[in-house]
Amino acid sequence: MTLELNDMQGLLIRGFGNLLGAQYVLLRFTDAALGKKYISELLPLITPATDKPTDHAIQMAFTYSGFSFLKLPDEGLISFSREFREGMTEDHRQFILGDSGENAPNNWVWGNAAQEDIHLLLIIYSKDADTLAEKLLFEKARADQYGVVELHTLPTGLLQDHKEHFGFRDDISRPIIEELVENVEKKVGVTFPAGEFIMGYKNLYNEYAPAPYLSATHDQMNILPSSPDFADKKDFGKNGTYLVFRQMEQDVFGFWDYLKRQGKDTEETICLASKMVGRWPDGSPLTLTPDRADPSLSTANAFGFWDEDKAGLKCPIGAHIRRTNPRDHLVTERTQKDSSEMAAKHRMLRKGRPYGTPVLEPLEPKGIMELPRDNERRGLHFLCLVTDIRRQFEFVQNNWVNFHKFGGQDHDADPIIGNHYKSDKVVTDEFCIPEYPVKRKLKNIPNFTLIKGGSYFFFPGIRALKYLASHE
Ligand code: HEM
């Protein structure tokens, strides 16, 4: 099935990596009618997936509360997924995501639904800082004009060599959407039907991704396409998807200080950090080059764990990349095929960007380790696009990132992003590094990342935006 690129916002198929500046703006409507006019004015400025912008791009997403404020018909509201309707900070969801202790929403700077009501996320990408400043000023004035209140502005910036702040190359492993590539050889865990990430298309279950819908009577102007599942309904989800946003502050000095105390020298310290990530700082995967980084493999992604590294002697089973994508070796599955099929059902299209000034540029671990601590705030604006928040993002966060018995371990959570703690029943602050003949265990691992904000958004297709701007 051909993708309707002209009806999609561009972020679904590209990361706008050529547009170095970006800002996330969180907004609230104060008047529904004015809010609709605001969307209608912005509509022609939204960058569709058919464009390859070189100057700037604008994208838009909404919370459930935003849709409800704009009076989307009840039937439509109720057809969104439960996770989206309840939001990221609902009590049970905090438990699922591990947002407790210092990561609890009442410590967040934004996104705690009990404290503030976010309706809309505007993402502005620009080729440079000046263009970005200009666009922001312009959009601020437009928002003011329609009574749309700016709640938070979150600047981001890409770091040299595609690095994140701890000093590791990021954004290497990406799911490939089959419908976007001609003559692609379909491979479980590598290529994916569009429905895993974009609504209106078939997913890995050979079903249309569950999407919000409305009765045709609510669409008198006939803007929306028909629902693929219900003959008498209109598809509000087509060419849209859910957008998960988490602001994760990174304690770069805490990370390297802790590791320096575990390693006997710089080389071992970098090796232990790489064991935690599953790739060397330059991006080369431990599974393919276990003893040292190999720049020729810095974007290598064609590997599995079943044949190469079942015991985790190269890349520990609890490493970040192995928890977030166990590929062909889920310890719970009996065959390589079952593992691959199971792991494939929990992938995400990651679109995040770092924020804050890097401690050093280029971000080389040897240099980072020698620096004194500063008080700057820095981290990752983690963004991912998924058609099923529960099966994809929440499953990974709950069952793989935070589960202390993942892959047969006992007291480990994801070493770099897990919530590490000790209670009388559960311990999650250890990291097991299988080695022969004796395994190594790192203990008392502090939290290296801290959640500072977050929310679930819906990232509509262009026709759904049009409907939103004009519905009665
Ligand atoms: C500050 C927070 C985070 C940092 C510093 C970080 C860092 C990294 C790095 C360095 C990689 C390796 C590069 C690559 O394979 O593309 C990676 C991969 C990945 N991360 Fe994260 N990450 C963070 C948060 C998250 C979160 C919250 C999730 C999801 C719950 C996540 C999911 C993934 C996935 C799915 C991969 C690809 C694994 C693979 O396919 O091999 N990350 N991350």
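Every number for a ligand or one of its atoms is a count from 1 in the order of the listing. Remember, predicted model here, so these are calculated numbers, not experimental data.
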inquiry  = Can you confirm whether more than 12 heavy atoms, excluding those of Arg390, are under 6.0 Å from its CZ atom?
reply    = no
ask   = Does any N or O atom in Val401 lie less than 3.5 angstrom from one in ligand 1, N or O only?
value = no
key: With Glu430, the salt bridge (charged side-chain N to carboxylate O under 4.0 Å, His left out) member among Arg440, Lys422, Lys441   = Lys441
request  = Give the residue and atom name of whichever protein heavy atom lies nearest to atom 10 (C) of ligand 1, and the separation in Å to one decimal.
outcome  = Arg169 O, 3.5 Å
ask   = Is the number of heavy atoms from other residues, nucleotides or ligands within 6.0 Å of CZ (Arg373) greater than 12?
value = yes
inquiry  = Do Lys310 and Phe305 form a cation-pi contact, if we require the NZ or CZ to be under 6.0 Å from the six-membered ring centre and within 45 degrees of the ring's axis?
reply    = no
Ser173, any N or O under 3.5 Å of ligand 1 N or O = yes
task = Please work out whether any backbone atom (N, CA, C, O) or any side-chain heavy atom from C-beta onward of Asn301 is under 4.0 Å from ligand 1, and answer side chain, backbone, both or neither.
result = neither
remark   = ring pair (Phe, Tyr, Trp, His ring centres under 6.0 Å) test vs His346 passes for just one of Phe192, Phe393, Phe395, namely Phe395
request  = Go through ligand 1 atom by atom and flag the ones less than 4.0 Å from a non-hydrogen atom of Gln397.
outcome  = 30 (C)
query = Looking at Phe168, does the NZ or CZ of Arg279 lie under 6.0 angstrom from its six-membered ring centre and within 45 degrees of the ring axis?
reply = no
query = Among all protein non-hydrogen atoms, which one is nearest to atom 41 (O) of ligand 1, and what is the separation to 0.1 Å?
reply = Arg327 NH2, 2.7 Å
inquiry  = For Phe166 and Trp256: C-alpha separation, side-chain torsions, deciding distance, then whether ring-ring contact (aromatic ring centres under 6.0 Å, His included) applies.
reply    = CA-CA 8 Å; Phe166 293 140; Trp256 287 106; 8.0 Å; no
message = Please check whether Thr449 reaches ligand 1 - meaning an N/O of the residue sits under 3.5 Å from an N/O of the ligand, judged on distance alone.
response = no
request  = Anything under 30° is parallel, anything over 60° is perpendicular, the rest tilted; go ahead and classify Phe458 against Phe80.
outcome  = perpendicular
key: Residue and atom names of protein N/O/S atoms that fall under 2.8 Å from atom 21 (Fe) of ligand 1   = His320 NE2
